Amino acid sequence: MVSFLDEIRKIEKKWQKKWQNDEIFVANIDSSRPKWFLTVSYPYATSPLHVGHARTYGLGDIFARFKRQKGYNVLWPMGFHITGTPVLAVSWKIKNNDENEWKKMRGFISYYESTKEGIEKVVSSFSEPENVANYFAEKIIQDFLGMGYSLDTTREFTTGDPEYNKFIKWQYSILNNKGLITQGDYPILWCVNDKNAVGEDDIQDGDELNVEVNEFVGIKFKLDNDVFLVAATLRPETIFGATNVWIHPNATYNEISIDGEIWIVSKEATMKLLEQNHEIEIKRELKGDELLDVYAEVPITGRKIPVYPAIFVDTDHATGIVYSVPGHAPYDHAAIADLQKDEETIAKYNLNSENLKEIEPISLIDVKGYGEFPAVEICQKLGVKSQEDRDKLEEATQTIYKDEYYSGIMKSNTGDYVGLKVEEAKNKVADTLFEINLASPIYEPSTKAFCRCGGQIIVAIIQNQYFLNYGNPEWKEKASKALNQMLITPDKYRLSFENTFDWLDKRPCVRRRGLGTEFPFTEGEGWIIESLSDSVIYMAYYTIVRHIKENKLKPEQLKPELFDYVFLSKGNIKDLVKNSGITEQTINQMKQEFEYWYPNDLRHTAVHHISNHLSFAIFHHTAVFPEKYWLPAFSLNEMLSRDGEAMSKSKPNVIPIAQVPNKYSVDVTRLHLASIATPETVLEWKEDEVNFALQRLRKFWEYSLSVINVSNKEKIEFSFLSKVFIASVKTNLIKAMESIERFSAREYILEGYYSNIRAIDEYHKFAKHLPEMEKKTALQEVIEMMVVTMAPAIPHICEELNERMGNKDYISLKQIPDIDVSDKDLLYALQAKYMTDLIEDIDQIVKLVKTKPKKIHIYVNADWKNELYELAKTIFENEAVQIGKIMASAKESAKLNNYMSEIANEVKLMFKDPTIFRIETLSAKNQENAILGFKEFISTKYENAEILIHLSDRKDIYDPQNKSQKARPMKPALLLE
RNA sequence: GCGGAGAUUGCCGAGUGGUCAAAGGCGCUGGAAUGAGGAUCCAGUCCUUAGUGGUCCGGGAGUUCGAAUCUCCCUCUCCGCACCA
């Protein structure tokens, strides 16, 4: 027997093939229909995609399909990102026989190749970067089509295409013309061996080390001979507590002439400074001990302090010279304490021991939780014995740094900075020092790190680096205006954009490494446009790429004037034809297509792009295009995790898209991914829960098949239960349609699909006694509505059902009709809810009494109670609920003032739970009708108990326990006998 | 560091001023079916009760006729910030 899974898997493949063969998702200009242009960010082609990506693309597909079925001419194209370093990194590692990379790639390729030889062959081919990109681009598209995505694949391109590079150059010429590109110095991580910039990829253990650039303040301590000892610090505010300077006695130092001054720094530091944009000449080399016991002048305070030896000084860290603040720096405290009792060293370097003994810590910061000298305190607390207790000293330093930074206040001995928080003082002191030219920035990596080539990593300053100036006020303002007009969904991400916009400033936009478009203003110098610039206006390129390919246009034909004309309507077509050699017809086609499709109506992507590419996309659109082409809407979703860890390409917890069709099923996975959580939550993938989607899909399939061939020749008059059923389904579908209009795919599926499956279940439960033909006809009506409305989510199964219903058209292209819900339908839906509650109540009591009732008396409330509830609802719609007010109003009501004593009691009850003033109620008559409609079901459910309905308004009803009094609208009273 | 988001019943995850004891799933318990298991189906799953009552949404205080939802404080968790994309 063929299992359901096998069957739908076959169906999925069948329809994908048909869609492709008939090219039903290829989009062309059609001015008779409104257009809708969707983009989902193109994937990076260095690995196969996984179900986490399928969450993002799957949502996009639901939107695209929905719009298509709502009468829009939908364009959803796909391209590939291959620029930047990743492709090269993969290739480099494969070429250099990096074991891990080989292993990783073998794993990836095994999704697609079945033989060992096949896998090896593909991986070996990755030594050529273009093979990496081409292979994965092809596989990713294959995976996408295998998920049933309704892509227009005729517009594929990669960011490495030479034609595309022309487009990016055009973008940069516009940005440059508008003055949005600026130049300046910029510190970067740099390998001394390669003489090149490095990224995380290039650093040994780069992902763990997390190396950053730190800016130290190199403070200049003047010696008598106008030479400066330069001590670098992250805490310039402690300058007021300096007691001495530390030098490593055995290390080698250089005296250098730098930018017109003479400095002494460690030999290693000299080498680093050479890369940091200075004029440097090395005068001489000297040993540390040559500098001991001389005096240096502290900037700002002007005090003279001695130079002492310390072995904790690391000459490969910053300048290799340290100024000592024993009151607030644990290392300094430990070192000075060591030295003061170290007669041997004092003698060895012939230090003036009286002066040395006089050195006392200086207190300059008030810190909560500490006394005068925090460093001394913490060293005692942690039991630091000497400057060689490195671990403890590290810990002490971290703790003090944090505590002083957040809660420290500058003391009275700190000149202009008295009373400032350390957080502020730190920068102010640094600024002052820079101003009076007694300090200079020194850059150093946050951690010692080495390049994969073995070279040390330092910080270099790139001069005249190019930046995109997102800080440009006019640009920012324009972008903010664009943002304010946009739809962002879920809306909570709007704030993230606003914050990003706030801090966005200059961003370096050229790179030394990686694939990409050559930077047009420094041709031949080896500068590449940074790769995010490839991803900000490329949506426009989709509209024209087909014409470039079909007409085999050459890159050199794609002159800036062409793009100016097509995108901005600038220039003269005759000249353009002459200059480019492209026909007038082709140029006009490109222009028309752009103008037809643009703007990009919705861009859907994962949230982690907010702070970069999505924000940049807004910026660049405002810079390049006129307002009518700005981006109107973004929709976002979070990522996917498994076992609590983000599913990411480099981890073993991934489920590749390639395995979805056979491991699960496409429609099941689509349904699950879109409905299990709202887009803004990180979704945890659980196998067990996928199964739920499968069961529901099967149920839908079976229900559908059971009515597919039903043909009802005579018109069937639906009974109450059937009407209620159809009304509930319609109400659910209306909610579903409203949801998907807002791009809430989860609600759409929950309401339109899961709720309706449940409604069908319920109907079958309640309507057992109805004639078969009526049940089938009602179900058929419902299934027909569901097949067309749910096709965007589960297109394959819906196509199949549509076909089996005898239709020749594609459900993927079929219009979703407007669903009418009449007042009558709303009433039915309310009655259904009323009955669900009532049956639950009966159930509850039956369980409590533990005997089987022979008679079930249902007491429907007196009419005046509805009147009272309605009155309360009106009065308290917008104001505080008060008992006196309702009594007074009731008294004035002709209908109610006869019942004032009962009302007094009722109102008291009502006030126990003021929420009661909000509910929708049913009149006694409508309650009765509902109960009558369900009477047979209830009776059967309780083993043919007799159902008796009593209207409390009637005089001589059977009511031995006076239950009728307790009946409330929507809550009838019960008596079981 | 800078900036942001969040904490819901055994777990995941909806709900963001009013039928909210709080959807749905998972798990668990019982039943149906079965050679057994799995899968499936049905029912139950805070406490109490011939019902319409109590307690509850990280902890504490407050606003309101009414708070999971709003405000303040506290505790904890997560995310983004690169010559990565």
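The model shown is predicted, which means the values in this text are computed figures rather than measured ones. All chains are named by letter (A, B, ...) in the order of the sequence lines, taking the proteins before the strands, and each is independently numbered beginning at 1. Basis for what follows: all heavy atoms, side chains included, without hydrogens, waters or symmetry-related copies.
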- Go through Val607(A) and Asn637(A) one step at a time and tell me if the side chain to side chain contact (heavy atoms under 4.5 Å, CB included) criterion holds. CA-CA 6 Å; Val607(A) 292; Asn637(A) 68 266; 6.0 Å; no
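Rounded to a whole Å, the CD1 atom of Ile858(A) is 15 Å from the C1' atom of rU52(B). Rounded to an integer number of Å, the gap from Ile749(A) CD1 to rG24(B) C1' is 13 Å. A straight line from NZ of Lys492(A) to P of rC79(B) spans 14 Å, rounded to a whole angstrom. Here rG25(B) presents its C1' atom at 15 Å from OH of Tyr753(A), a figure rounded to the nearest Å. In this structure, the CD1 atom of Ile839(A) is 15 Å from the C1' atom of rA43(B), given to the nearest Å. Atom CZ of Arg758(A) and atom P of rA23(B) are 11 Å apart (whole Å). Protein atom CG of Asn861(A) is 13 Å distant from nucleotide atom C1' of rU52(B), rounded to whole Å. Look at CZ on Arg513(A): it is 10 Å from C1' on rA82(B), rounded to the nearest Å.
Across all strands, Tyr869(A) comes closer than 4.0 Å to no nucleic acid atom at all (heavy-atom distances). Residue-level contact check: Lys426(A) touches neither bases nor backbone, having no heavy atom under 4.0 Å from any strand. At a threshold of 4.0 angstrom between heavy atoms, the contacts of Val846(A) with the nucleic acid are absent. Contact annotation for Ser535(A): no contact, since no heavy-atom pair falls under 4.0 Å across all strands. The residue Ile610(A) sits apart from the nucleic acid: no heavy atom pair falls under 4.0 Å. Within 4.0 Å of Thr83(A), counting heavy atoms only, lie sugar-phosphate atoms of the nucleic acid but no base atom. Using a 4.0 Å heavy-atom cutoff across all strands shown, Val198(A) reaches sugar-phosphate atoms only and no base atom. Residue contacts shown for Tyr754(A) are absent, as no nucleic acid heavy atom lies under 4.0 Å away. Note on His613(A): nothing from the nucleic acid sits closer than 4.0 angstrom, heavy atoms only. Here Leu495(A) lies in heavy-atom contact (under 4.0 Å) with sugar-phosphate atoms only. Residue-level contact check: Ala89(A) touches neither bases nor backbone, having no heavy atom under 4.0 Å from any strand. Nucleic acid contact class of Arg494(A) (heavy atoms, under 4.0 Å, all strands): none. Within the 4.0 angstrom heavy-atom criterion, base atoms lie near Lys966(A). Heavy atoms of Trp527(A) sit under 4.0 angstrom from at least one base atom.
For Phe937(A) and Phe766(A), the distance between ring centers is under 6.0 angstrom. A centroid separation of less than 6.0 Å is found between the aromatic rings of Tyr186(A) and Phe467(A). Ring-centre distance between His620(A) and Tyr470(A): below the 6.0 Å cut-off.
Residues Asp761(A) and Arg758(A) are not paired through a salt bridge, judged by the lack of any N-O separation under 4.0 Å between the basic side chain and the carboxylate. Glu920(A) has no carboxylate O lying under 4.0 Å from a charged side-chain N of Lys833(A), or vice versa, which leaves the two without a salt bridge. The pair Glu237(A)-Lys428(A) does not count as a salt bridge, with every side-chain nitrogen at least 4.0 angstrom from each carboxylate oxygen.
A distance of about 26 Å separates the C1' atoms of rU75(B) and rG17(B), rounded to the whole Å. For the C1' atoms, the distance linking rA23(B) with rC70(B) amounts to 23 Å, nearest Å.
Pair assignment for rU9(B): none, as no Watson-Crick or G-U wobble contacts are both less than 3.5 Å. When both pairing distances are held under 3.5 Å, rU45(B) makes a Watson-Crick or G-U pair with rG27(B). Partner assigned to rA32(B) is rU40(B), using Watson-Crick or G-U wobble distances below 3.5 angstrom. Searching all strands for a Watson-Crick or G-U wobble partner of rG3(B) with both distances below 3.5 Å returns rC79(B). Searching all strands for a Watson-Crick or G-U wobble partner of rC56(B) with both distances below 3.5 Å returns nothing. Shown here, rA85(B) forms no base pair; nothing in the strands shown gives a Watson-Crick or G-U wobble contact with both key distances under 3.5 Å. The pairing partner recorded for rA21(B) is none, the criterion being a Watson-Crick or G-U wobble arrangement whose two distances lie under 3.5 angstrom.
Interface remark: the Asn612(A) side chain does form a donor-acceptor pair with the rA85(B) base, using a distance-only criterion of under 3.5 Å. Judged by atom type and distance alone, Arg746(A) reaches the base of rA23(B) through a side-chain donor-acceptor pair under 3.5 Å.
Within the 4.0 Å cut-off from OP1 or OP2 of rG3(B), not a single side-chain nitrogen or oxygen of Ser496(A) is found. For the OP1/OP2 pair of rA14(B) and a distance below 4.0 Å, the side-chain nitrogens and oxygens of Thr681(A) include at least one atom meeting the criterion. Listed pair Asn499(A) / rA5(B) fails the phosphate criterion, with no side-chain N or O lying under 4.0 Å from OP1 or OP2. A sub-4.0 Å separation between OP1 or OP2 of rC83(B) and a side-chain N or O of Thr85(A) is absent. OP1 or OP2 of rA14(B) sits under 4.0 Å from a side-chain N or O of Thr678(A). Of the side-chain N and O atoms in Arg511(A), none sit less than 4.0 angstrom from OP1 or OP2 of rA82(B). Contact annotation: Gln695(A) reaches the phosphate of rU40(B) (side-chain N/O to OP1 or OP2, under 4.0 Å).
Panel note: side chain Tyr859(A), backbone Arg968(A); no donor-acceptor pair is recorded below 3.5 Å.
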